[in-house]
Amino acid sequence: MAEVLVFVDHVDGAVRKPTLELLTLARRIGDPVAVSLGNGAADTAAALAEHGAVKVLTADAPEFADYLVAPKVDALQAAVEAVSPAAVLLPSSAEGKEIAARLAVRIGSGIITDAVDLEAGDEGPVATQSVFAASFTTKSRITKGTPVITVKPNSAAPEAAPAAGTVEALAVTVADSSKGTKVVSRTPRESTGRPDLTEAAIVVSGGRGVNGAENFPVIEALADSLGAAVGASRAAVDAGWYPHTNQVGQTGKSVSPQLYIAAGISGAIQHRAGMQTSKTIVAINKDEEAPIFDLVDYGVVGDLFNVVPALTDEIKARKG
């Protein structure tokens, strides 16, 4: 089978879940070859092999940490030239999409971003996308060059499929032109103990109906009972009730969890664009005419300050 390059998203050797999802999707169209860069790259091999990587190309250089994404594009371009893959898959993170776009320009290829599914086709991989504020689902394939595709987190369940995972060093020359923007400092993000919003299997979001920052602990308590991430609508963020980093929507983050619970969110199109690909959607709103109810799998018409605490207590009771 043809080989498929998978760009590895890891933190000091700890592989993040979207990469394991990419390996699962890559096996549909070829043999996955992982490209792992930076500090701890060699330590990713075991997890990558467990999920189907037949080969792991590794490279570490200070440029990967000292500069923005361009050195990683150099490395991925070197991998493309070495492997001649059937496709290149990357996670649909901010960094992943920038690397993908730069790589596509470098190698003269087409690009598809924010795919939610991937399948083999007679003329190359076919990607499914949710487009135009999630109003349409399209299937597309790239007709020029090596397909470069970014895939949204939670688009596939990671499946173990042990493979050889042979580790090989990737020769990379970082061009002077890739050193135009230097990273001068880093500040670790304060951990909340909750999963990352874009990667979480369950997301609980609050909106205008929460009616104040002092009431968001009600949303957080439900999220914590489910092991979920906390999201917020633009209205809640603009009002200063919750950080912008937790905004879900067209101007915030796009999520696609297995379960999305919207509490006190009316369902404006901008918010729907960021969560409409969720597998199961539950809304809690006291306005039975709220647009969100046109979208949901399950709707609860009621005051969130009565419904959410009761739901939280029930979940805790069943767990306990």
Side-chain angles (χ1 to χ4, degrees), residues 2-20 22-23 26 30-49 53-114 142 144-151 153 165-189 198:
E3 294 179 319
V4 179
L5 287 182
V6 173
F7 180 76
V8 177
D9 183 6
H10 71 96
V11 179
D12 296 332
V15 179
R16 300 181 69 179
K17 181 170 169 276
T19 297
L20 306 182
L22 289 181
L23 290 170
D31 293 325
V33 174
V35 180
S36 189
L37 308 174
N39 182 48
D43 297 333
T44 62
L48 299 172
V54 298
K55 191 185 304 179
V56 181
L57 304 179
T58 65
D60 189 10
E63 287 86 354
F64 296 138
D66 291 345
Y67 299 91
L68 291 186
V69 299
K72 294 180 180 179
V73 180
D74 290 336
L76 210 47
Q77 181 180 3
V80 169
E81 293 169 354
V83 173
S84 298
V88 182
L89 305 185
L90 304 93
S92 271
S93 60
E95 180 184 73
K97 287 191 278 191
E98 184 171 355
I99 292 172
R102 289 171 177 260
L103 177 66
V105 171
R106 294 261 196 104
I107 64 177
S109 294
I111 180 173
I112 291 174
T113 59
D114 291 335
I142 291 168
K144 179 182 179 182
T146 301
V148 179
I149 303 171
T150 74
V151 181
T166 306
V167 178
E168 296 183 8
L170 176 65
V172 180
T173 300
V174 177
D176 289 339
S177 59
S178 297
K179 302 176 184 178
T181 306
K182 187 176 179 64
V183 178
V184 296
S185 67
R186 286 185 171 85
T187 302
R189 181 182 300 169
T198 57

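Basis for what follows: all heavy atoms, side chains included, without hydrogens, waters or symmetry-related copies.
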Exercise. Within the side chain of T150, is there an N or O that forms a donor-acceptor pair under 3.5 Å with the backbone of P91?
Worked result: no
Exercise. For the atom pair CG (L170) and CD (E81), what is the distance rounded to the nearest 0.5 Å?
Worked result: 10.0 Å
Exercise. Could you give the distance from CD (Q77) to OG1 (T173), rounded to the nearest 0.5 Å?
Worked result: 10.5 Å
For this session: Nearest 0.5 Å please: distance from the CD atom of E63 over to the NZ atom of K182.
Result: 9.0 Å
Seminar exercise, completed: Heavy atoms of P85 and V80 approach each other most closely as CD-O, 3.5 Å
Exercise. According to the salt bridge (Lys or Arg N to Asp or Glu O under 4.0 Å) rule, which pairs have a member within residues 69-78, sequence neighbours left out?
Worked result: K72-E95, D74-R106
For this session: Measure across S109 and V148 and return the closest heavy-atom pair with its distance rounded to 0.1 Å.
Result: CB-CG2, 4.4 Å
Problem set entry | Considering all heavy atoms, the nearest L23-P32 contact | CD2-CB, 3.7 Å
Exercise. Under 4.0 Å between a Lys/Arg side-chain N and an Asp/Glu carboxylate O for D66 and K179?
Worked result: no
Exercise. A53 and A34: which non-hydrogen atoms are nearest, and at how many Å?
Worked result: CB-CB, 4.3 Å
Exercise. Who passes salt bridge (charged side-chain N to carboxylate O under 4.0 Å, His left out) against D31, sequence neighbours left out?
Worked result: none
Exercise. Once you round to the nearest 0.5 Å, how far does CD1 of I149 lie from OG1 of T113?
Worked result: 10.5 Å
Exercise. So, T19 versus D9: side-chain donor-acceptor pair below 3.5 Å or not?
Worked result: no
Exercise. Do N39 and F64 have side chains that get closer than 4.5 Å, going by heavy atoms?
Worked result: no
Exercise. At their closest point, which heavy atom of L90 faces which heavy atom of L22, and how far apart are they?
Worked result: C-CD1, 3.5 Å
Exercise. If every non-hydrogen atom of T44 is compared with every non-hydrogen atom of A41, which pair is closest and at what distance?
Worked result: OG1-O, 2.6 Å
Problem set entry | Point-to-point distance, once rounded to the nearest 0.5 Å, from OG1 of T146 to CG of L5 | 8.5 Å
Seminar exercise, completed: From the list I111, V83, V33, L103, side-chain contact (heavy atoms from CB on, under 4.5 Å) with V88 holds only for L103
For this session: List the steps, then state whether side-chain contact (heavy atoms from CB on, under 4.5 Å) holds for V8 with L37.
Result: CA-CA 7 Å; V8 177; L37 308 174; over 6 Å; no
Problem set entry | Pairwise distance OG(S92) to CD1(I112) - rounded to 0.5 angstrom | 11.0 Å
